[in-house]
Amino acid sequence: MDQQELSTYRKIYETVKMIPAGKVATYGQIARIVGGCTAIMVGYAMAGVSDPAIPWQRVINSRGGISIKDQSGYSLQKALLESEGVVFDQSDKVDLSIFGWQGPELQLF
DNA sequence: ATGTTGACCGACT
DNA sequence: GAGTCGGCCAACA
């Protein structure tokens, strides 16, 4: 992993840290905000995270669902989000029009 | 080096 | 809604 990749990963983590509690963002959204990386890179970055300061659970897929295949990881993420006030519907999906993070621009206001 | 998979996305049928 | 495809790129065998 060279310096450019480390920089990109740092940006990913910085961006994820900006997501407020009770809100969620999608992999593609993070990738667009960071720039120069793709959604699946964000997924890899989240999988390898060890820093508890990073709210990795607030990153979900574009359909508002959890993408973790591991069952325990899946239920853990869902539980963490529900404890923050995020609501899942009958299909285990989050309504992004309600809980979706609008991006870092919103925080300037 | 090559092929496959993946906590993915978007467009298309 | 479901299934397919191409694209992106890191990790792994």
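Lettering follows sequence order; numbering is per chain, from 1. Side-chain atoms are counted along with the backbone in the values below, which use heavy atoms only and exclude waters and symmetry mates.
Residue A:Lys69 places its side chain closer to B:dA7 than to any other of C:dC9, C:dA11, B:dA7.
Note: CE (A:Met41) to P (C:dC9) measures 8 Å, nearest angstrom. At whole-Å resolution of the value, CD1 in A:Ile40 and P in B:dA7 are 8 Å apart. In this entry the distance linking OH of A:Tyr27 with C1' of C:dA10 reads 15 Å, nearest Å. The distance from atom OH of A:Tyr44 to atom C1' of C:dC9 is 9 Å, rounded to the nearest whole Å. The separation between A:Ile33 atom CD1 and B:dC9 atom P is 13 Å, rounded to whole Å. In this structure, A:Ile12 places its CD1 atom 15 Å from P of B:dA7, rounding to the nearest Å.
Near DNA chain B, defined here as any heavy-atom distance below 4.0 Å, there are no residues from residues 88-97 of chain A. Contacts between residues 45-60 of chain A and DNA chain B, defined by a heavy-atom separation below 4.0 Å, involve A:Met46, A:Ala47, A:Trp56, listed by number.
Minimum heavy-atom separation, A:Ile60 to A:Gly65: CB-O, 3.3 Å. Shown here for A:Asn61 and A:Ser67, the closest heavy-atom pair between the two residues is ND2-OG, 2.8 Å. Pairing each heavy atom of A:Ser62 with each of A:Thr26, the nearest pair is CA-CG2, 3.8 Å. A:Ala25 approaches A:Ile30 most closely through the heavy-atom pair CB-CD1, 3.9 Å.
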Hey, can you pull the donor-acceptor pairs under 3.5 Å for the side chains in residues 44-56 of chain A, sequence neighbours left out?
from    : atom 1 : to      : atom 2 : distance (Å)
A:Asp51 : OD1    : A:Ala53 : N      : 2.8

Which atom pairs, donor and acceptor, lie under 3.5 Å between side-chain atoms of residues 74-83 of chain A and protein residues at least two apart or in another chain?
from    : atom 1 : to      : atom 2 : distance (Å)
A:Tyr74 : OH     : A:Asp92 : OD2    : 3.4
A:Ser75 : OG     : A:Gln71 : O      : 3.1
A:Ser75 : OG     : A:Ser72 : O      : 3.1
A:Gln77 : NE2    : A:Gln57 : O      : 2.7
A:Gln77 : NE2    : A:Val59 : O      : 3.1
A:Lys78 : NZ     : A:Asp92 : OD1    : 2.9
A:Ser83 : OG     : A:Leu80 : O      : 2.6

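Taken to the nearest 0.5 Å, the CD atom of A:Gln102 stands 12.0 Å off from the CD1 atom of A:Ile19.
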Sort me out a list of protein N/O and nucleotides 10-13 of chain B N/O pairs below 3.5 Å, or just none if empty.
from   : atom 1 : to      : atom 2 : distance (Å)
B:dG10 : OP1    : A:Arg32 : NH1    : 3.3

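The closest side-chain heavy-atom distance from A:Val87 to A:Phe99 is below 4.5 Å.
Within the 3.5 Å criterion, the main-chain N or O of A:Gly100 finds no donor-acceptor partner in the side chain of A:Gln29.
Pairs passing the salt bridge (charged side-chain N to carboxylate O under 4.0 Å, His left out) check and including a residue from residues 13-42 of chain A, sequence neighbours excluded, do not occur.
Across the P atoms, C:dG6 and B:dA7 are found 22 Å apart, a figure rounded to whole Å.
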A:Val24 vs A:Trp101, test: side chain to side chain contact (heavy atoms under 4.5 Å, CB included). Steps then yes/no.
CA-CA 5 Å; A:Val24 295; A:Trp101 182 42; over 6 Å; no
